[in-house]
Amino acid sequence: MRIRPASRAELPLLQEIERAAGEPFRALGMAAVADDEPPSIETLDRFRRAGHAWVTADSGDRPVAYLLCEEVDGAAHVEQLSVHPSAARRGLGSGLLDHLAVCAAADGLSALTLTTFADVPWNAPYYARLGFRALADDELTEGLREIRRAEASCGLDQWPRVCMRRGLAGAAASPPRTVPVRTPRPRALPPRSLPPRTAGAAPPF
């Protein structure tokens, strides 16, 4: 398995991963999440062209997991992390997060952030084991508040949601700098019917 940038030709495969990875939500009574369509090819390609889309590829160089991110208030925000169920429980999710952490620290960013479901076993509890902590309301940056408002407006708050943060070792010692693959949060990305599940669908252990 290796981590590399996604190619445009692979974007339909990312959609397939997303659909397959959503199925475990159905067993939790979260059919709306399971049925949510993945990001469009156009949306995925905007992340790819910005340098914000990575995949984990198998021995045949076929993606089996992917991560989308963007900069939000000086942190690398995980927009989506999904692992195909056939490749779950192999450390692919944590590997993608560690890869992002290295890139983000090198770019002078302070942390990784994400929003996720509080009570889904492979969401918030999983991220807590990987060093993320839940943020209190008074700790949320304006960018995270904007994301949470968008999620609430789409109905995701019918299930408890939480913002989480993982600090980056050595980030404070590295002065922020402008790097082409770390652009500000893209406002032109078209919204999905539901915001990204962020932090994985199928258990990514």
Side-chain angles (χ1 to χ4, degrees), residues 14-15 17-40 43-44 47 52-53 65-83 85 88 93-94 96-97 100-101 104 109-168 184-187 189-205:
L14 305 194
Q15 293 179 315
I17 292 170
E18 180 75 3
R19 291 188 182 99
E23 282 302 308
F25 284 97
R26 201 176 303 281
L28 301 181
M30 301 170 70
V33 176
D35 292 337
D36 185 34
E37 277 298 297
S40 68
T43 297
L44 291 171
F47 279 102
H52 294 167
Y66 79 96
L67 181 149
L68 305 177
C69 74
E70 57 189 1
E71 183 177 332
V72 176
D73 299 331
H77 185 76
V78 180
E79 283 287 341
Q80 186 64 43
L81 172 61
S82 291
V83 178
S94 61
L96 280 165
L97 288 169
L100 176 60
L109 302 182
S110 62
L112 306 185
T113 60
L114 55 85
T115 64
T116 194
F117 292 109
D119 299 329
V120 173
W122 56 87
N123 279 194
Y126 168 69
Y127 293 101
R129 294 196 295 274
L130 296 181
F132 286 81
R133 68 175 183 87
L135 297 176
D137 286 346
D138 61 2
E139 294 181 285
L140 301 186
T141 65
E142 184 52 40
L144 291 176
R145 292 181 189 279
E146 179 183 337
I147 291 168
R148 287 294 294 116
R149 286 192 292 267
E151 292 177 345
S153 70
C154 292
L156 280 184
D157 277 12
Q158 61 184 295
W159 305 283
R161 297 281 291 178
V162 64
C163 292
M164 303 187 78
R165 183 181 190 277
R166 178 172 125 183
L168 298 177
R185 183 176 177 83
R187 306 298 175 183
L189 291 176
R192 301 172 63 196
S193 56
L194 291 176
R197 300 181 186 105
T198 294
F205 321 122

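Atoms considered below: every heavy atom in the structure, side chains included; atoms not considered: hydrogens, waters and symmetry mates.
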Do you know which of Leu112, Val78, Leu114, Thr113 makes side chain to side chain contact (heavy atoms under 4.5 Å, CB included) with Met164? Leu114
Heavy atoms only: give me the nearest Ala21-Pro85 pair and the separation to one decimal. N-CD, 4.0 Å
Contacts of Asp157 meeting side-chain hydrogen bond (donor to acceptor under 3.5 Å, both in side chains) (sequence neighbours excluded), chain-then-number -> Arg148
For Val120 and Pro125, which heavy atoms make the closest approach, and how far apart are they? O-CD, 3.1 Å
Rounded distance [0.5 Å steps], SG in Cys69 versus CD in Gln80: 12.0 Å
For residues Phe117 and Met30, determine if any side-chain heavy atom of one lies less than 4.5 Å from a side-chain heavy atom of the other. yes
Could you check whether any side-chain N or O of Arg145 sits under 3.5 Å from a backbone N or O of Asp137, counting only pairs where one atom can act as donor and the other as acceptor? yes
Interatomic distance, CG@Leu140 vs CD@Glu146, rounded to 0.5 Å, equals 12.5 Å
Could you list the residues that satisfy salt bridge (charged side-chain N to carboxylate O under 4.0 Å, His left out) with Arg165, not counting sequence neighbours? none
Taking C-beta and beyond as the side chain, do Pro39 and Phe47 meet within less than 4.5 Å on heavy atoms? no
Report yes if some heavy atom in the side chain of Pro24 is under 4.5 Å from a heavy atom in the side chain of Trp122; otherwise report no. yes
Rounded at 0.5 Å granularity, tell me how far CG in Leu96 sits from CG in Leu68. 10.0 Å
On a heavy-atom basis, which atom in Ala118 and which in Ala124 lie closest, and how many Å separate them? O-CB, 3.5 Å
Ignoring hydrogens, what is the shortest heavy-atom contact between Ala104 and Leu168? Give both atom names and the distance. CB-CD1, 3.6 Å
Approximate separation, where rounding is to 0.5 Å, of His77 NE2 and His52 NE2: 12.5 Å
pair Tyr66-Val83: side-chain heavy atoms closer than 4.5 Å: no
Could you tell me whether the side chain of Asp73 and the main chain of Gly143 form a donor-acceptor pair under 3.5 Å? yes
Pair Trp159 and Phe25, ring centroids less than 6.0 Å apart: no
Any donor-acceptor N/O pair, Arg166 side chain to Leu130 backbone, under 3.5 Å: yes
Pairwise side-chain contact, Glu151 with Thr115, heavy-atom cut-off 4.5 Å (strictly under): yes
Of all residues at least two apart in sequence or in a different chain, which pass the salt bridge (charged side-chain N to carboxylate O under 4.0 Å, His left out) check with Arg26? Glu23, Asp35
Heavy atoms only: give me the nearest Leu109-Ala75 pair and the separation to one decimal. CD1-C, 4.1 Å
Interatomic distance, Leu144 atom CG to Arg149 atom CZ [nearest 0.5 angstrom]: 10.5 Å
Output for pair (Gln15 CD, Leu44 CG), nearest 0.5 Å, gives 6.0 Å
